[in-house]
Amino acid sequence: MTSRRPSLAVVGATGTVGRVLLGLLSTRADVWGEVRLIASPRSAGQRLTVRGAETEVLALSEEAFTGIDLAVFDVPAPVAAQWAPIAAAKGVVVIDNSAAFAGQEDVPLVVPELNAPAARIRPRGVIASPGSATLTAILALGALHAEYGLRALVLASYQAASAERRAGAETLRAQLAQVAGGHAGEQTGDLRAVVTDNGPFPAPLALNTVPWVGAAAEGGWSSEELRLRAETRRVLGLPDLAVSATCVRVPVLTGHSMAVHAVFEREVEQHRAREILRDAPGVVLYDDPAAGEYPTPNDVVGTDPVWAGRLRRALDDPCALDLFLCGDNLRKGAALNLVQIAELVAAELR
Ligand SMILES: NC(=O)c1ccc[n+]([C@@H]2O[C@H](COP(=O)([O-])OP(=O)(O)OC[C@H]3O[C@@H](n4cnc5c(N)ncnc54)[C@H](OP(=O)(O)O)[C@@H]3O)[C@@H](O)[C@H]2O)c1
């Protein structure tokens, strides 16, 4: 126990998630002593503003963790896999946002609204935060599960380009400029003549949808689909939950969406399900289709909660609900969940 405020390192401070995280640190209750900014040697010496103060970015090194209590890692998975154990060996509690540790049994996978106590048991000194698709769905699903008992899920995601890191957003912006200025097949919308670079995506994304996120896994599944299934099971403590997911990339810069068909143990009532979602921590119910009210990525970008709408009881199954969820993949889908976990650990250390 210490009476001083814990020190925090932001590793990957210059990145897409890192910059959003610095903004969150400037607006939330300030529980931190020093906040140290770390990135690759390319960014060393850059100055970024956090909590109103210009702060110099340091190159990632073992010494950069000296005197640090907690570190949030917003870096590519191979970088996290290499450097998180180095920081942990120096006594730093690491909270990782990549996929490097998210599937490992001895690393807790934490969503503070749902399983905060899990953050206390961290044999390797590392805590993982789920992927942005999981975080889009899990708060609403967790609240409904607590009342009705979740039995099966059919999910279809609509995932934003910025989740594919800096290159994802840059590629979509460049393609949008190309299709705006080019002749994207005036009748057919054929993009092949105008889009010159697919960037990190397997096909043109502007004016298109791409039913593929992640790497190839067995049986025709993508790694993102398997991750969404595994993480949902783990955070909800339902190792046998039936989950079928189709992950789709859409030409949205920021803001994931998810169409959900959820089957429960018990019969559901629409008005009670609405109450549950309205009262669920971190969820906003925005659901009046007759008045044109349902969430879209554009409504939610830059906001903290996950938004729920289009709530319906399934026509053919009194135990099932259909709904549509939207969340900012850079906030609850990434930076906000990390900051919430860091605040949990900070409260424990103080
Ligand atoms: N974007 C999302 O919606 C999202 C959501 C959930 C999880 N994540 C995960 O969060 C992580 C960061 O994503 P991002 O979107 O912020 O990526 P990004 O925009 O590409 O930023 C990557 C960050 O990592 C740093 N970095 C790269 N290589 C490094 C190295 N060898 N040593 C030290 N620092 C290095 C970069 O520093 P420089 O600027 O110096 O290159 C930059 O600060 C990834 O693992 C990603 O999968 C992202």
Side-chain angles (χ1 to χ4, degrees), residues 9-24 36-48 50 55-65 71-84 86-87 94-103 109-111 126 128-138 157-173 199-201 213-215 223-224 227-228 231 247 249-250 252-257 297 300-302 306 326-341:
V10 181
V11 185
T14 52
T16 311
V17 176
R19 286 173 189 266
V20 172
L21 197 143
L22 298 190
L24 288 172
R36 197 174 294 172
L37 308 187
I38 299 175
S40 82
R42 296 180 288 275
S43 302
Q46 233 186 76
R47 300 181 76 80
L48 298 176
V50 58
T55 308
E56 186 170 330
V57 177
L58 307 180
L60 180 57
S61 70
E62 191 176 339
E63 299 71 54
F65 293 105
V72 286
F73 273 55
D74 285 313
V75 292
V79 181
Q82 180 186 350
W83 285 92
I86 294 171
V94 172
I95 303 157
D96 182 42
N97 194 33
S98 78
F101 299 95
L109 183 69
V110 176
V111 180
V126 180
S129 182
S132 51
T134 308
L135 286 165
T136 306
I138 201 86
S157 74
Y158 305 75
Q159 297 184 221
S162 63
E164 202 50 57
R165 311 215 293 269
R166 202 152 32 200
E170 282 170 4
T171 298
L172 178 58
R173 280 204 181 86
F201 308 115
V213 181
S223 57
E224 183 81 348
R227 186 178 180 194
L228 178 54
E231 290 184 344
C247 290
R249 186 79 64 191
V250 293
V252 168
L253 272 172
T254 300
H256 284 351
S257 307
V300 313
V301 67
V306 169
C326 288
D328 185 326
N329 53 292
L330 300 176
R331 291 176 83 98
K332 185 59 188 174
L336 176 62
N337 202 57
L338 290 181
V339 168
Q340 289 175 312
I341 299 171

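Remember, it's 1-based here, ligands and their atoms both numbered in the order they're listed. Along the sequence shown, the residues carry numbers beginning at 1.
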Nearest 0.5 angstrom please: S98 OG to D74 CG, how far?
9.5 Å

Per atom 6 (C) of ligand 1, closest listed option by heavy atom (G333, A169, S43, A102)
G333

Only heavy atoms of N329, strictly under 4.0 Å: list the atoms of ligand 1 that pass.
3 (O), 5 (C)

Give, for atom CG of L336 and atom CG of L330, the distance between the pair rounded to the nearest 0.5 Å.
11.5 Å

What is the nearest protein non-hydrogen atom to atom 23 (C) of ligand 1, stated with its residue, atom name and distance?
D74 O, 3.4 Å

Atom 34 (N) of ligand 1 - nearest protein heavy atom and its distance
S40 N, 3.2 Å

Under-4.0 Å heavy-atom contact with ligand 1, by part of P76 that carries it:
both

Can an N or O of S132 be found at a distance shorter than 3.5 Å from an N or O of ligand 1?
no

Taking atom 9 (C) of ligand 1 as the point of reference, which of L330, I38, N97 owns the nearest heavy atom?
N97

From E231 atom CD to L135 atom CG, the distance as rounded to the nearest 0.5 Å:
7.5 Å

Which atoms of ligand 1 are found less than 4.0 Å from any heavy atom of S98?
45 (O)

On a heavy-atom basis, the closest approach of P200 and A167 is CD-O, 3.8 Å

Select one of side chain, backbone, both or neither to describe which atoms of T16 lie under 4.0 Å from any atom of ligand 1, heavy atoms only.
both

Protein heavy-atom partner closest to atom 46 (C) of ligand 1 - residue, atom, separation in Å
R165 CD, 3.9 Å

For ligand 1, is there an N or O atom under 3.5 Å from any N or O atom of E164?
no

Starting from atom 31 (N) of ligand 1, which protein heavy atom do you reach first, and at what distance in Å?
V79 CG2, 3.7 Å

Mind checking the CZ-OG1 spacing from R166 to T14? Nearest 0.5 Å is all I need.
5.5 Å

So which protein heavy atom does atom 41 (O) of ligand 1 come closest to, and at what separation?
R42 NH2, 2.8 Å

Checking side-chain contact (heavy atoms from CB on, under 4.5 Å) for the pair E164/L172: CA distance, chi angles, key distance, verdict?
CA-CA 10 Å; E164 202 50 57; L172 178 58; over 6 Å; no

Nearest 0.5 Å please: distance from the CG atom of L48 over to the CZ atom of R19.
5.0 Å

Could you check V111 against K332 for side-chain contact (heavy atoms from CB on, under 4.5 Å), going step by step and ending with a plain yes or no?
CA-CA 10 Å; V111 180; K332 185 59 188 174; 4.2 Å; yes

With heavy atoms of G15 as the reference, note each atom of ligand 1 found under 4.0 Å away.
16 (O), 19 (O), 21 (O), 42 (C), 43 (O)

Using side-chain contact (heavy atoms from CB on, under 4.5 Å), reason through L60 and F65 one step at a time and then give a plain yes or no.
CA-CA 9 Å; L60 180 57; F65 293 105; 3.7 Å; yes

To the nearest 0.5 Å, what is the distance between CG on L37 and OG1 on T55?
5.0 Å

Just to confirm my output: which protein heavy-atom neighbour is closest to atom 45 (O) of ligand 1, and how far is it?
V75 O, 2.7 Å

Which pair of heavy atoms, one from S132 and one from H256, lies closest together, and at what distance?
OG-NE2, 2.9 Å

Considering the heavy atoms of T14, write down every atom of ligand 1 situated less than 4.0 Å from one of them.
36 (C), 37 (O), 38 (P), 39 (O), 40 (O), 42 (C), 43 (O)

Below 4.0 Å, non-hydrogen atoms only: which portion of V17 touches ligand 1? Side chain, backbone, both or neither.
both

Would you check the N or O atoms of L60, main chain and side chain alike, for any that come under 3.5 Å of an N or O of ligand 1?
no

Could you tell me whether a side-chain N or O of S162 sits under 3.5 Å from a main-chain N or O of L253, the two making a donor and an acceptor?
yes

Where the side chain of R249 meets the backbone of A160, is there a donor-acceptor pair that is under 3.5 Å apart?
yes

For A334, take its heavy atoms, then give the atoms of ligand 1 lying under 4.0 Å from any of them.
5 (C), 6 (C)

Would you mind running through ligand 1 and noting each atom that sits below 4.0 Å from a heavy atom of S162?
1 (N), 2 (C), 3 (O)

Looking at ligand 1, does any of its N/O atoms fall within less than 3.5 Å of an N/O of G12?
yes

